[in-house]
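Below you'll find the structure, written out as structure tokens, and then a few comments.
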Amino acid sequence: MPTLLTPEPRHLVQVLYGEFAIAEYAAEPALAERYAAAMRRRFPNLLVTCTPIADPEDL
């Protein structure tokens, strides 16, 4: 009998140049945090956000 798998929670990482997102990445929380840390090192003067995605279909 098939079972329904609940998707893992995901986070959205955005690199913002002013009000414009110049990069976006969605992944499970550990990978998203790792990506966000790398983007903060690469773009120290830009805002990098990492926020939970309520519904995976919101992408």
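In this chain, numbering begins with 1 at the start of the sequence shown. Everything numeric in this text was worked out from a predicted model, so none of it was measured.
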Heavy-atom closest contact (A21 atom, Q14 atom, distance):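 Shortest heavy-atom contact: CB-NE2, 4.0 Å.
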
Of all heavy-atom pairs between A32 and V13, which one has the smallest distance, and what is that distance?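 That would be O-CG2, 3.3 Å.
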
Any link between L31 and L12 through a network of hydrophobic side chains (Ile, Leu, Val, Met, Phe, Trp, Tyr) touching at under 4.5 Å?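 No, separate clusters.
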
Please tell me whether V15 and Y17 are part of a single hydrophobic cluster in this structure, the criterion being side-chain heavy atoms less than 4.5 Å apart.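 Hydrophobic grouping puts V15 with Y17.
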
Pairs flagged by ring-ring contact (aromatic ring centres under 6.0 Å, His included) wherever residues 22-42 is involved - sequence neighbours left out: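 Qualifying pairs: Y25-Y35.
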
Side chains of residues 37-54: which donor-acceptor partners sit under 3.5 Å, not counting sequence neighbours?
residue: R40; atom: NH2; partner: V48; partner atom: O; Å: 3.1

E33: which residues meet the side-chain hydrogen bond (donor to acceptor under 3.5 Å, both in side chains) condition with it, sequence neighbours left out?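 So E33 forms no side-chain hydrogen bond (donor to acceptor under 3.5 Å, both in side chains) with any residue.
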
